[in-house]
Amino acid sequence: MAYRSGWLYCVLPTVDNASGKHLNDVMRFYMDECGFEGIYLDEWDHSRARVSFSHEDGMSALLDAEGRIARKVAMVPIAVRAYHEAFCQQLVDRNAIIFANQFDDTLAAAQLPIVHFAEPAGTYDSYLISAAQCSRSPLSLNLKDTRGIWTDAREFLRRGVLLCYYWKYFHGDHLLKRCYPITVRELWPGVVIGDDRIITCASGTFTLNRDRPLTAYIYSGPDAQLQTTISANATVDGHSAVKLDLTEDQIAVVMEE
C-alpha cells in the first residue's frame, strides 16, 4: 500500500506462519537473553491495514449491490486474533509489562493485559481521546501539534484521561510522578479515581472511603511543578476526605499518607 514517500509492505502474523514465528523469536531474544522487563507493541491494532484481500477469516466478505458475496476477505484483527492471544500469553508467563498504542478491535484483544495509550493529532475532540475514555487504561500521549504538555494534561483530565508518561516529559517534582502507578476504577469529568489515589482538576470533596489521613498534592502550570499540599480537612460518611478549591490552572493528586 502507498505510504508517504514509498511503499509499506504489511505482513499478517499467525501462530504458524513465518512472520509470527519471527516475531516470537524477536520477543524471546529481548525478554530472555537481554533481560528486558516489558515490551512495547507499535501499531498493535493494525491501524494502517484493516482488510487483507489475500486471506479469509471465515466471517468477512465484500458484497455486491445485490447483497451477494463478491469476494471473501479477512479483517486483520480477526485473522490475527489467535496470534495476539498466544503472543501475549508468552509475555504474561514472563510477568512482563505489555504496552501498546491505540486500542483493541476484538473482545479477545480487549481481555489481554495490555496498557494502551492514544496518539491524538491536533485536537482534544479526537475520536482517539474518546477511545481512551472507554479503555481500561485511559491514557494519551500529548497532542502531536501540542500547545504545551501541561495544557494537554489539564485538557485530557477534563475528559477523564491521563497524560501518558512517555515521549515528552516534565522535569523536577512534577505531576506525573504521583499519578503513577495507578489502577483506574472510575472516570468523571475532571476526575480519575484509582485504587489508591485520585487525580482531579475539579474542585470538591474527595475521599478513598478509608480512614487513613489523606494529603492532596497541588500542581500548577506551565511545568506541572508541586505548588502546595493540603492535609485531610473533611470527612465523608466518617471517612477521611480532602476539600479542594482548585483554580483553572491546578491539578491535584489525592493520596493516603
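- In this structure, I198 and V192 have side chains that are not in contact, with every pair of non-hydrogen atoms separated by 4.5 Å or more.
- Counting heavy atoms from C-beta outward, T200 and L244 have side chains that approach closer than 4.5 Å.
- Ring pair F36/Y30 is perpendicular by interplanar angle, where above 60° counts as perpendicular and below 30° as parallel.
- For CG of N95, the number of neighbouring non-hydrogen atoms (other residues, nucleotides, ligands) closer than 6.0 Å is 12 at most.
- Within the 4.5 Å cutoff, no side-chain heavy atoms of L208 are placed close to those of H239.
- To the nearest 0.5 angstrom, M31 atom CE is 6.5 Å from I39 atom CD1.
- Here the side chains of L62 and V51 are not in contact, with every heavy-atom distance at 4.5 Å or above.
- Environment of NZ in K177: crowded, with over 12 heavy atoms of neighbouring residues, nucleotides or ligands closer than 6.0 Å.
- In this structure, Q133 contributes its side chain and G160 its backbone to no donor-acceptor pair below 3.5 Å.
- The existence of a salt bridge linking R154 and D249 is confirmed by a sub-4.0 Å separation between a basic side-chain nitrogen and an acidic carboxylate oxygen.
- Counting only residues at least two apart or on different chains, the ring pair (Phe, Tyr, Trp, His ring centres under 6.0 Å) pairs with a member in residues 53-83 are Y83-F87.
- Across A100 and I114, no two heavy atoms sit closer than the pair CB-CG2, 3.7 Å.
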Pair L23-M27, side chain to side chain contact (heavy atoms under 4.5 Å, CB included): steps then yes or no: CA-CA 6 Å; L23 291 174; M27 180 270 291; over 6 Å; no

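- Looking at S60, its side chain never comes within 3.5 Å of a backbone N or O of A74 through a donor-acceptor pair.
- Taking 4.0 Å as the cut-off between side-chain N and carboxylate O, R28 and D32 do not count as a salt-bridged pair.
- With a 6.0 Å radius and a threshold of 12 heavy atoms from other residues, nucleotides or ligands, E248 has its CD atom at or below the threshold.
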Run the side-chain donor-acceptor check on residues 139-148: report pairs under 3.5 Å with partners two or more places apart or on a different chain.
from, atom 1, to, atom 2, distance (Å)
T146, OG1, G148, N, 2.9
T146, OG1, G148, O, 3.3
T146, OG1, D152, OD2, 2.6

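- Between T207 and A241, the shortest heavy-atom contact is CB-CB, 3.9 Å.
- For the atom pair CZ of F156 and OG1 of T151, the computed distance is 10.5 Å after rounding to the nearest 0.5 Å.
- Open room surrounds CG on D245; 12 or fewer heavy atoms of other groups in view lie less than 6.0 Å from it.
- Using a 3.5 Å distance cut-off with no hydrogens or angles, the side chains of Y124 and R158 do not pair a donor with an acceptor.
- L41 contributes atom CG, which lies 6.5 Å from atom SG of C88 (distance to the nearest 0.5 angstrom).
- Looking at every heavy atom in both residues, I98 comes nearest to L91 through CD1-CB, 3.8 Å.
- By the 6.0 Å contact criterion, CG on D237 is open, its count of non-hydrogen atoms from other residues, nucleotides or ligands being 12 or less.
- Remark: L63 CG is packed, more than 12 non-hydrogen atoms of other residues, nucleotides or ligands lying under 6.0 Å away.
- With H174 as reference, Y165 is the one residue of W150, Y180, Y165 to meet the ring-ring contact (aromatic ring centres under 6.0 Å, His included) rule.
- Residues A224 and Y219 approach most closely at O-CD2, 3.3 Å, considering heavy atoms.
- The pair D173-R178 meets the salt-bridge criterion, since a charged nitrogen lies less than 4.0 angstrom from a carboxylate oxygen.
- Checked by atom type, the side-chain pair N101/H116 shows no donor-acceptor distance below 3.5 Å.
- One finds no salt bridge joining D196 and R212 here, because no Lys/Arg side-chain nitrogen approaches an Asp/Glu carboxylate oxygen to under 4.0 Å.
- Ion pairing between E85 and R81 fails under the 4.0 Å rule for side-chain N and carboxylate O.
- Side-chain atoms of Q225 come within 3.5 Å of backbone atoms of D223 as a donor-acceptor pair (strictly under, hydrogens ignored).
- With contacts defined as side-chain heavy-atom distances shorter than 4.5 Å, the pair D104/R136 qualifies.
- Listed for the S203 side chain is a donor-acceptor partner under 3.5 Å among the backbone atoms of L246.
- Not a single donor-acceptor pair under 3.5 Å links the side chain of D64 to the backbone N or O of A70.
- With rounding to the nearest 0.5 angstrom, the CD atom of Q227 is 7.0 Å from the OG1 atom of T247.
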